[in-house]
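Read the numbers this way: they start at 1 and go in the same order the structure lists the ligands and their atoms.
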Amino acid sequence: MSVIILGIETSCDETSAAVVADGCVVKSNVIASQVEVHRKYGGVVPEVASRRHLESVNVIVAEALEQAGIGFPDLNAIAVTYGPGLAGSLLVGLMSAKAMAYARAIPLVGVNHLEAHIYANFLTRPDLEFPQLCLVVSGGHTDLFYTTHHGNYKLLGRTRDDAAGEAFDKVARVMGLGYPGGPLIERQAQDGNPKAIDFPRAYLEEGTYDFSFSGLKTAVLNYLERARRTGQEVSIPDVSASFQKAVTDVLVDKVMAAAGEYHPVGIMLAGGVAANSALREALGVRARAGGYELTVPPLVLCTDNAAMVACVGYYKYLRGEFAGPELNAVAAKGLGLFVKR
Ligand code: KG4
Ligand code: ZN
């Protein structure tokens, strides 16, 4: 008998529902992106996002069940993201999940969004062995974790200011590329020279696994401003490639330094920025050279989706970690789930 979980994700600007069997068989993964709505504002507008989730959530859940060829009676549990994210957006998914679980009298499982990003890896590689090092790079987070078993995390380092994805989005905006910036910068960088401009890399003090990207972002802004003042021509591909290289250099160096200290069997990459091919490639090369297996989710599972939520739901279901009706949305970053070293 398989364990069938319905996952629901509404933490930011994607309304998603998925049906996953046994934590690794994705029966459906329906994602309704609001990107077109928010693009004209240059970023996610929280009130607009929650309203959109409200309009979509029931339709998306129905579609996920239909594509999976099942109905509510076939579900063993409902897993839902409760944070971190936008409070109003989280509440829509959470309240829907609570109502459905209550109506069907099946368990509700609360899922941390960061843990869901990490589990995009277990979705396709349930065989992965521990310990693993995991770099979560998204629009809201840049966190490096060490994990020795399911559901257990040690936070080794995190960004002290901007998240990696946030830096991509902000730099893209000042270059007039649009939103979301990550994929647009990646595309421009393909025609650029990563060595054209020597942007700063913030390694911070000796031995820390924390990150900082705001200095790099300011350096790019200053470079563009100086060019504008002096009438110097700017190559968007060169700026993009040099910026992307500065971000990936620091990420890769820090992950490899942590690998040298913690000796994991493998390294997992997760979150929206894990879709970046320059990062995947650079980390892949260094990981292989160090004898570590690098695991990266398929592109569609890097950015927000409910299959990864259902995957966490499966492991928590097996452990009997269920949520009560009092489960609340938690908007704050760095939920108490992870313990800082
Ligand atoms: O994980 P995600 O979908 O949402 C959050 O939980 O934040 O990540 C979105 C972030 C955005 O900042 C976006 O620009 C970035 O991931 N991103 C990328 C790429 N695709 C998405 N950054 C760099 N290269 C990409 N190909
Ligand atoms: Zn995310």
Side-chain angles (χ1 to χ4, degrees), residues 7-16 18 29 31-35 38-39 42-44 46 49 80-86 89-90 93 111-121 123 134-143 158-159 162-175 177-190 192 194 213 216-217 240-241 243-248 250-252 268-283 296-309 311-312 330-335:
I8 298 177
E9 155 69 41
T10 63
S11 70
C12 191
D13 61 343
E14 261 95 29
T15 317
S16 180
N29 189 19
I31 306 166
S33 174
Q34 305 176 2
V35 107
H38 299 288
R39 182 166 281 145
V44 179
V80 63
T81 306
Y82 67 93
L86 302 169
S89 293
L90 289 164
V111 173
N112 178 297
H113 184 71
L114 292 189
E115 193 172 18
H117 273 304
I118 295 171
Y119 273 70
N121 287 291
L123 203 49
C134 186
L135 178 68
V136 183
V137 268
S138 69
H141 292 81
T142 302
D143 289 357
R158 63 172 27 163
T159 184
D162 291 352
E166 200 177 349
F168 269 95
D169 293 340
K170 287 177 179 170
V171 165
R173 188 184 310 167
V174 295
M175 290 197 293
L177 293 180
Y179 169 85
L184 299 167
I185 288 195
E186 177 174 358
R187 200 170 312 143
Q188 290 292 331
Q190 279 159 5
F213 294 107
L216 169 61
K217 175 193 67 189
S240 300
F243 162 77
Q244 181 175 268
K245 183 79 167 71
V247 174
T248 51
V250 176
L251 291 173
V252 172
M268 303 189 288
L269 195 54
V273 184
N276 187 276
S277 51
L279 175 61
R280 292 160 86 104
E281 213 173 292
L283 190 53
V296 188
L299 287 187
V300 65
L301 299 177
C302 285
T303 43
D304 292 347
N305 68 89
M308 65 189 193
V309 177
C311 182
V312 177
V330 184
K333 287 185 183 181
L335 286 176

S.K.: Any nitrogen or oxygen of Gly165 lying under 3.5 Å from a nitrogen or oxygen in ligand 1? Just yes or no.
M.R.: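 Yes; the residue has a nitrogen or oxygen that sits under 3.5 Å from a nitrogen or oxygen of the ligand.
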
S.K.: Out of all atoms in ligand 1, which are within 4.0 Å of some heavy atom of Gly140? Include the element for each.
M.R.: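 In order of number, 7 (O).
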
S.K.: Any idea which atoms of ligand 1 are less than 4.0 Å away from a heavy-atom of Asp169?
M.R.: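 So the answer, numbered in order with elements, is 11 (C), 12 (O), 13 (C), 14 (O).
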
S.K.: Taking all non-hydrogen atoms of both residues, which atom of Val247 and which atom of Ala164 are closest, and how far apart?
M.R.: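 Taking Val247 first and Ala164 second, the nearest heavy atoms are CG1-CB, 4.4 Å.
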
S.K.: Do me a favour and list the nearest non-hydrogen protein atom to atom 20 (N) of ligand 1 with residue, atom name and distance?
M.R.: Gly272 O, 3.4 Å

S.K.: Does Cys12 have a heavy atom less than 4.0 Å from any atom of ligand 1?
M.R.: no

S.K.: For ligand 1 and Glu14, I'd like to know whether there is a polar contact (N/O to N/O, distance under 3.5 Å).
M.R.: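 Between Glu14 and ligand 1, no N or O pair is found under 3.5 Å apart.
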
S.K.: Which distance, rounded to the nearest 0.5 Å, do you find between the CD1 of Ile185 and the CZ of Phe243?
M.R.: 5.0 Å

S.K.: So for His141, does at least one of its heavy atoms come nearer than 4.0 angstrom to any atom of ligand 1?
M.R.: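 For ligand 1, residue contact (heavy atoms, under 4.0 Å) with His141 is absent.
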
S.K.: What heavy-atom pair brings Ser11 and Pro84 nearest, and what distance separates the two atoms?
M.R.: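 Reported closest heavy-atom pair: CB-O, 3.9 Å.
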
S.K.: Which ligand 1 atoms does His113 reach within 4.0 Å, using its non-hydrogen atoms?
M.R.: 6 (O)

S.K.: Using side-chain contact (heavy atoms from CB on, under 4.5 Å), reason through Asn29 and Ser16 one step at a time and then give a plain yes or no.
M.R.: CA-CA 7 Å; Asn29 189 19; Ser16 180; 3.7 Å; yes

S.K.: Could you pull out the closest heavy-atom pair between Ala274 and Val296, with the gap in Å?
M.R.: O-CG1, 3.9 Å

S.K.: Provide, to 0.1 Å, the distance between atom 2 (P) of ligand 1 and the closest protein heavy atom, together with that atom's residue and name.
M.R.: Asp304 OD1, 3.5 Å

S.K.: Hey, is CD on Gln190 packed in by over 12 heavy atoms from elsewhere, all under 6.0 Å?
M.R.: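 Yes, because the 6.0 Å sphere around CD of Gln190 holds more than 12 heavy atoms from other groups.
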
S.K.: Hey, which atoms in ligand 1 end up nearer than 4.0 Å to a heavy atom of Gly139?
M.R.: 5 (C), 7 (O), 8 (O), 9 (C), 10 (C), 12 (O)

S.K.: Backbone or side chain, does any N or O of Thr303 fall under 3.5 Å from an N or O of ligand 1?
M.R.: no

S.K.: Counting from 1, what ligand 1 atoms have a heavy atom of Glu186 closer than 4.0 Å?
M.R.: 24 (N), 25 (C), 26 (N)

S.K.: Return yes if a side-chain donor-acceptor contact under 3.5 Å exists between Glu186 and Ser277, otherwise no.
M.R.: yes

S.K.: Taking N or O atoms only and a 3.5 Å limit, does Gly182 qualify as a polar contact for ligand 1?
M.R.: yes

S.K.: Without hydrogens or angle criteria, can the side chains of Gln244 and Asn276 be said to hold a donor-acceptor pair below 3.5 Å?
M.R.: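 Their side chains do contain a donor-acceptor pair, which is all the 3.5 Å distance test asks for.
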
S.K.: Against heavy atoms of His117, which atoms of ligand 1 measure under 4.0 Å?
M.R.: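 Atoms satisfying the 4.0 Å criterion: 1 (O), 6 (O).
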
S.K.: Kindly indicate, with the supporting measurements, whether the criterion side-chain contact (heavy atoms from CB on, under 4.5 Å) is fulfilled by His141 and Glu166.
M.R.: CA-CA 8 Å; His141 292 81; Glu166 200 177 349; over 6 Å; no

S.K.: Please state which protein non-hydrogen atom is closest to atom 24 (N) of ligand 1 and give its distance, to 0.1 Å?
M.R.: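 Nearest protein contact, heavy atoms only, for atom 24 (N) of ligand 1 is Asn276 ND2, 3.0 Å.
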
S.K.: Around the Zn ion (ligand 2), how many protein N, O or S atoms are found at less than 2.8 Å?
M.R.: 3

S.K.: Rounded at 0.5 Å granularity, tell me how far CD1 in Ile8 sits from OG1 in Thr81.
M.R.: 9.0 Å

